[in-house]
Amino acid sequence: MDYAIETAPLEKLQCDCLIVGVYQDRKLSESAKAINNSTQGLVDKIVNRGDLSGKIGETVLINAIPDSPVERILLVGLGENKPLSSKNFRKALLAAVNSLKKPQIKSTVCCLGECDVIAADWQWKTRQIIEVFNDAAYQFIQLKSNKETESRLEKLSIIAPEAELGLAQTGLEQGKAIAEGINLTKLLADLPGNICTPTYLAEQAFELSKKYDKLGVTVLEESDMEKLGMGAFLSVSRGSRQPAKLITLDYQGGEKNGRPIVLIGKGLTFDAGGISLKQAPGMDEMKYDMCGGATVLGTLLAAAQMQLPLNIIGLIPSSENMPDGDANKPGDILTSMSGKTIEVLNTDAEGRLLLCDTLTYAERYNPDVVIDMATLTGACLVALGRVPSGLLGNDDALCNALLAASETANDSLWRLPLWEEYQEQLKSNFADLANVGGKDAGTITAACFLSQFAENYHWAHLDIAGTAWRTGQTKGATGRPVPLLTQYLINRAHG
Ligand code: BES
Ligand code: MN
Ligand code: ZN
């Protein structure tokens, strides 16, 4: 989809649909007034008839406008005539997008940026408009015979006042970059496990590096990892016929020797559970167990596209977790790259086995901070549902910066405690630690496990098991937490 900023007066614009806001009590927004005036009071007529009460998210499509270069007008309810909360702003945008899906609307002009939103400037508003439209336009049709899409939208113009052009333009560039990153993450996530293998992910990383000068990619093969002593990681991939990969991306946008931000993403292209086999219902969704890895790729795409003045390392440990004669068995004891020994009490707690060696490997970059994201525990769904991602970490400043970014980005997070008391649950009679901590506090004990490999730097962990994809009728990847991470990077670049 094409996105652009437009400053021309509304009367002069030609488009398939003009989107304007209407507040409660029949109060028209500025652009609604303007189009009302140039259509002999058409909007007033609809509103006075009582067809639109102005509640947030309500819409009316006027689909025949006599003698106008504007083919249709979409009225969108904005609630009370006062500054909107960021959530309500998005609600109004979402309602607008959803009402544009059926008719054959190819180009649209959005005037909703003019509404006042609490603590938001034109940069933020422009970015949000693009993100919401982009999200709605995404459809996974690659593997269907009928490639017809629900939405035919090709062009979105965002109306901005002359005086705010600079901010709107920056918002446009950021929004486009983030949208592209989100689309890549969603596409990789939605691809099935028989196509999106560790090898495929590595190829996609190479493709990405070809597009951006400052982005380099190296892939460590199993033999390389063997030399590094990654016994925990390799114990998982031994049970799979697909060779494992440790994909490393290197984005050099900052000073030559500046310490990098390291992003690590769990890249299980399918998690059957191994010998501790999962149940059949819903197991297809374990193709999404690489969403952390896909988030790293999407976030680096966005960062490279925005040319952020930062050094960023992306690490994606990728494998399958399958039952096999050579797979991990409950009771097996592994030696991790750090030297710590691990008793495998449940082969389905595999993510942490890949991540612990990757966390150790990250030390060689002398990182400023390390952030990992992983679809790590079903327990996170029990604790937090599908609304926020779980956040745990060993550094308050980093956690607070992530929380602040999550608010701005509308990509929520909730911090859970990482108290020492929980470490007790990981004690093993036979090894330095066990890979599971029993049924209590599963998200926290998983993070406790990781924390033992992240002692030498500032580290945060995002459990995205509930937020990376939707289940049920609308099953599909969400692209989260790309918005949150890109916001964190934008904040770091400007801070
Ligand atoms: N990838 C899963 C976690 C998961 C499960 C995410 C369901 C989203 C939905 C992870 O590898 C796993 O299997 N975790 C186990 C850990 C347990 C054995 C301690 C789990 O959550 O059941
Ligand atoms: Mn598992
Ligand atoms: Zn898993």
Side-chain angles (χ1 to χ4, degrees), residues 189 193 196 198 201 232-233 235-237 239-240 242 244 264-295 316-324 327-332 342-358 372-390 392 416 422 425-428 433-450 461-472 475-478 480-481:
C196 184
L201 274 185
F233 185 152
S235 78
V236 176
S237 62
S240 161
Q242 292 293 336
I264 302 179
K266 174 178 173 181
L268 265 289
T269 56
F270 192 73
D271 176 15
I275 297 300
S276 314
L277 192 63
K278 287 183 183 295
Q279 296 179 343
M283 210 209 272
D284 63 295
E285 294 186 12
M286 284 298 114
K287 71 174 183 181
Y288 288 120
D289 215 14
M290 38 58 74
C291 281
T295 295
I316 306 169
S318 187
S319 170
E320 290 179 330
N321 184 28
M322 301 290 271
D324 180 87
N328 268 332
K329 302 175 290 299
D332 282 3
I342 301 163
E343 185 185 15
V344 179
L345 290 177
N346 188 321
T347 67
D348 199 9
E350 84 297 336
R352 59 198 80 182
L353 298 178
L354 270 71
L355 289 169
C356 71
D357 281 342
T358 311
D372 80 70
M373 36 257 144
T375 47
L376 203 61
T377 64
C380 194
L381 271 148
V382 177
L384 299 173
R386 295 178 187 272
V387 181
S389 306
L392 301 102
L416 298 170
Y422 292 105
Q425 288 176 238
L426 293 173
K427 287 211 164 127
S428 159
L433 74 166
N435 80 328
V436 296
K439 63 179 176 14
D440 295 350
T443 302
I444 298 176
T445 54
C448 282
F449 180 95
L450 298 179
H461 159 66
L462 308 178
D463 195 326
I464 57 171
T467 52
W469 76 91
R470 292 176 305 269
T471 189
K475 191 190 290 179
T478 61
R480 290 178 67 184

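Along the sequence shown, residues carry numbers from 1. Counting convention: from 1, in listed order, for ligands and their atoms alike.
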| query | Among all protein non-hydrogen atoms, which one is nearest to atom 12 (C) of ligand 1, and what is the separation to 0.1 Å? | reply | D348 O, 3.2 Å

| request: Just jot down the ligand 1 atoms closer than 4.0 angstrom to any heavy atom of V436, in number order. | output: 19 (C)

| message | Please check whether E350 reaches ligand 1 - meaning an N/O of the residue sits under 3.5 Å from an N/O of the ligand, judged on distance alone. | response | yes

| said: Considering non-hydrogen atoms of the protein only, which is the closest contact for atom 14 (N) of ligand 1, and what is the distance? | reply: L376 O, 3.4 Å

| field | Close approach of E285 to ligand 1, heavy atoms, under 4.0 angstrom | value | no

| atom 4 (C) of ligand 1 [closest protein heavy-atom partner, distance rounded to 0.1 Å] | G378 N, 3.8 Å

| said: Among all protein heavy atoms in this structure, tell me which lies nearest to atom 6 (C) of ligand 1, with the distance rounded to 0.1 Å. | reply: A465 CB, 3.6 Å

| request: Determine whether any heavy atom of W469 lies closer than 4.0 Å to an atom of ligand 1. | output: yes

| task | State, to the nearest 10 degrees, the angle whose vertex is the Mn ion (ligand 2) and whose arms point to O of D348 and OE1 of E350. | result | 70°

| field | Distance-only side-chain donor-acceptor flag, N346 / S276, under 3.5 Å | value | yes

| note | Taking only non-hydrogen atoms of K266 and a 4.0 Å limit, the atoms of ligand 1 in range are 1 (N), 10 (C), 11 (O)

| request: For M286, counting its heavy atoms only, list the atoms of ligand 1 lying under 4.0 Å from any of them. | output: 1 (N), 4 (C), 5 (C), 6 (C), 7 (C), 8 (C), 9 (C)

| field | Among D289, T467, T295, side chain to side chain donor-acceptor pair (under 3.5 Å) partner for T375 | value | D289

| said: Suppose we only allow N, O or S atoms; which atom of D271 ends up nearest to the Zn ion (ligand 3)? | reply: OD2

| said: Counting only nitrogen or oxygen atoms and a 3.5 angstrom limit, does N346 reach ligand 1? | reply: no

| said: Can you confirm whether some protein heavy atom lies under 4.0 Å from atom 22 (O) of ligand 1, or whether none does? | reply: no

| field | Flag for T269-Q242: side-chain donor and acceptor within less than 3.5 Å | value | no

| At the Zn ion (ligand 3), what angle lies between atom OD2 of D289 and atom OE2 of E350, rounded to 10 degrees? | 100°

| field | D289 near the Mn ion (ligand 2) via N/O/S, less than 2.8 Å | value | no

| query | Do ligand 1 and A349 have nitrogen or oxygen atoms that lie under 3.5 Å from each other? | reply | no

| field | Heavy atom of the protein closest to atom 16 (C) of ligand 1 (residue, atom name, distance) | value | R352 NH2, 3.9 Å

| message | For atom 2 (C) of ligand 1, what's the nearest protein heavy-atom neighbour? Residue, atom name and distance, please. | response | D271 OD2, 3.6 Å

